[in-house]
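Below you'll find the structure, written out as structure tokens, and then a few comments.
Chain identifiers are assigned alphabetically (A, B, ...) following the order of the sequence lines, protein sequences preceding nucleic acid strands; residue numbering begins at 1 within each chain. Values in this document were obtained by computation on a predicted structure and should not be read as measured data.
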2 protein chains.
Amino acid sequence: MTTLPTHQGVVDAASSIADILAPTPLLPVTINGTSCWAKAENLQPIGAFKIRGAWWRLSNLSDEERAGGVVAVSSGNHAQGVAWAARRLGIEATIVMPRDAPRVKLDNTKALGADIVLYDRPGEDRDAVAARLIAQRGGTLVHAFGDAGVIEGQGSAGIEAAAQLGRTPTRFITCCGGGGLAAGLALSCPEAAIHVVEPGGWDMVGQALAQGAIVEAAPDAPATICDALQPNATKPVNLAILNGRAKPGTIVSDDEVRAAQRWAYAQLRMVIEPGGAAALAAALSGKVPIDEGTIIMLTGGNADPDAYARTISESAH
Amino acid sequence: MTTLPTHQGVVDAASSIADILAPTPLLPVTINGTSCWAKAENLQPIGAFKIRGAWWRLSNLSDEERAGGVVAVSSGNHAQGVAWAARRLGIEATIVMPRDAPRVKLDNTKALGADIVLYDRPGEDRDAVAARLIAQRGGTLVHAFGDAGVIEGQGSAGIEAAAQLGRTPTRFITCCGGGGLAAGLALSCPEAAIHVVEPGGWDMVGQALAQGAIVEAAPDAPATICDALQPNATKPVNLAILNGRAKPGTIVSDDEVRAAQRWAYAQLRMVIEPGGAAALAAALSGKVPIDEGTIIMLTGGNADPDAYARTISESAH
């Protein structure tokens, strides 16, 4: 791991992660008549790819940093990833989570032994809450997306997928919050196109790519069912990597996301949470190109049971 | 393939199936504090292990048999397996299905190009419907469980799981309808214990093992949510293989099955249909022993959406 994430760092992360986690399946899928691939990161032990970045970042901490513990801010999947890696490495983890995070994510993070601090979204600035905590208690911040080690770790999914495919993918279609996974995938396979998919009003990476500068979410940004894809803004490191690789971004609606969740239920027999289905939603709705070398990232499966039940229930729509 | 299924036949089936289907994941799970494994056959292209037996049976048909088409009787997963294999091999398939089969299974079988003939369960004898069809139209019967090729094909899941585990499993815990998968697993790993799990009143293998003779389901057998596990009786070939290997059988209730479906939703982010969750239900409820060499078969994920929504919805229980 270096200060700036590198392709070699992603390769090293993939090697480290292969020692502790089985590869997630790369499943053949047919979308609107075209064969392509889906990477089932929802089948990770914590139900999301975030376990990759958390593991790689935490396993590279110095002994002194380990002793001081880690602090993370997350709506739930990064939280579980950091809590999982911290428990495995014997590190204390404090996680700042929004009070309106899905209960399943709060419960899972708690069950992994992390100390949870709640904040009100959007009233409070979560980075400020984390900075205050670190000023009070010490500890190392593990940023959810704007961190070299985290980006390299997430990118290991691209190395793994390319090995499973037996060649460099032509393109990755991925959901995008702050841009950690997208940046990692871009580094993993320098020749692959990257398509970032975001909810309307929360397309902070798409807007940043369009403007060539970081854009903050509007205070009155619309509600979205994609609880995992609501960053205040992307970070310079993510923009620097994605600039020239991922333009333009793609926006999906809540209805398109729900349709993708239903498709994954019926065709793949897998549970995908709303944010985790965004890339699939873009593919199914024809908003992004697909070919036989395309990999659609299914990034997480920690879905609130009641909301998921309403989404898949045929009598509801 | 021989007239009687053999261990070598299962090994050959596994080799043939490895050429056309990716291995399904063997996922680490922790059940009541004990680490063991879950074989995710719900992730097969048709959402169930039945694709294995259908492929092996159909790919061994003679040219003459292929030209005459195949006939199968199934509540839905064997139907999809036969339809899938038949389409791939260019064979006409006629499937006899109960009128009350889950719509998702009827729709999927139709989408795979099979000709469907409906019958009323339990008023009609499905084997008689199939025999009448064959007398009228010709064709080769592909029995869902009492068939050497089908048993060998299903057993390929055991060969695959043992390879993934890196050693012979100590035991397989499997749901059981007529006993095709259970017999195949028994042949795949002669040193492994086999635990068959069935719904109450439909434990036709458990009762046959206890009595040493085939037992027919009572005309007034109770309703079960496990639509895939309602055989009229097991067959001599299944009983012969399982006798002395699988005694005693285990019974699970609808509530235990639903709890297992919820557990798979939350812990594995996978959709498991009721019958496919029976083995997991037995493990979670402590009715079968578990150790680190135990493999729990998750056999299918073709769940009716409305019923599944009710099962996982937290507000419903």
Side-chain angles (χ1 to χ4, degrees), chain A residues 20-30 35 37-38 40-48 77 80 102-105 107-108 111 164-166 261-273 276-277 298-317, chain B residues 20-30 35 37-38 40-48 77 80 102-105 107-108 111 164-166 261-273 276-277 298-317:
Chain A
I20 57 155
L21 294 171
T24 57
L26 186 70
L27 301 168
V29 293
T30 302
S35 298
W37 303 90
E41 289 290 300
N42 60 307
L43 297 186
Q44 290 284 11
I46 63 153
N77 286 334
Q80 292 175 72
R103 212 188 69 204
V104 60
K105 294 181 177 177
D107 290 348
N108 288 352
Q164 291 169 311
L165 191 63
Q261 289 181 284
R262 282 194 288 275
W263 192 93
Y265 169 89
Q267 300 297 320
L268 303 179
R269 294 86 185 174
M270 291 198 305
V271 179
I272 312 290
E273 64 180 274
L298 304 176
T299 51
N302 294 308
D304 171 77
D306 282 341
Y308 189 79
R310 284 192 300 275
T311 294
I312 62 155
S313 175
E314 299 213 318
S315 51
H317 46 86
Chain B
I20 58 154
L21 294 171
T24 57
L26 187 69
L27 301 168
V29 293
T30 302
S35 298
W37 303 90
E41 289 291 300
N42 60 307
L43 298 187
Q44 290 285 11
I46 63 153
N77 285 334
Q80 291 174 72
R103 211 188 70 203
V104 60
K105 294 181 177 177
D107 290 347
N108 289 351
Q164 291 169 310
L165 190 63
Q261 288 181 284
R262 282 193 289 274
W263 191 93
Y265 169 89
Q267 300 296 320
L268 303 179
R269 292 88 185 173
M270 291 198 306
V271 179
I272 313 290
E273 64 180 275
L298 304 176
T299 52
N302 293 309
D304 171 78
D306 281 341
Y308 189 78
R310 284 192 300 275
T311 293
I312 62 156
S313 176
E314 298 212 318
S315 50
H317 46 88

Contacting moiety of [X], where chain A heavy atoms sit under 4.5 Å:
X	result
B:Leu26	neither
B:Pro45	backbone
B:Ala264	neither
B:Glu273	neither
B:Asp304	backbone

Look up atom OG1 in A:Thr311 and atom CZ in A:Arg262, then write down how far apart they are to the nearest 0.5 Å.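 That separation rounds to 7.0 Å.
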
Would you give the length of the straight line joining atom OH of B:Tyr265 to atom CD1 of B:Ile272, rounded to the nearest 0.5 angstrom?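 It comes to 13.5 Å.
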
Tell me, please, which residues at least two apart from B:Gln164 pass side-chain hydrogen bond (donor to acceptor under 3.5 Å, both in side chains).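 With neighbours one apart ignored, the set is B:Lys39.
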
Contacts of A:Asn302 that satisfy side-chain hydrogen bond (donor to acceptor under 3.5 Å, both in side chains) - sequence neighbours left out: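 Expected list: A:Asn77, B:Arg269.
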
Between A:Ala303, A:Ala266, A:Ala307, which residue shows the highest count of heavy-atom pairs closer than 4.5 Å to chain B?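 Maximum pair count with chain B is reached by A:Ala303.
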
Which of the residues A:Val271, A:Leu43, A:Thr24, A:Leu268 is involved in the greatest number of heavy-atom pairs with chain B at under 4.5 angstrom?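 The candidate making the most pairs under 4.5 Å is A:Val271.
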
Over all atoms of both residues, closest heavy-atom pair of A:Gly301 and A:Asn42: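 Smallest heavy-atom distance, with atoms named: N-CB, 3.6 Å.
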
Part of A:Ile46 lying under 4.5 Å from any heavy atom of chain B: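 When you check distances to chain B, only backbone atoms of A:Ile46 fall under 4.5 Å.
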
Give the ring-plane orientation class for B:Tyr308 versus A:Tyr308, where under 30° counts as parallel, over 60° as perpendicular and anything between as tilted.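 Perpendicular: the ring planes of B:Tyr308 and A:Tyr308 meet at over 60°.
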
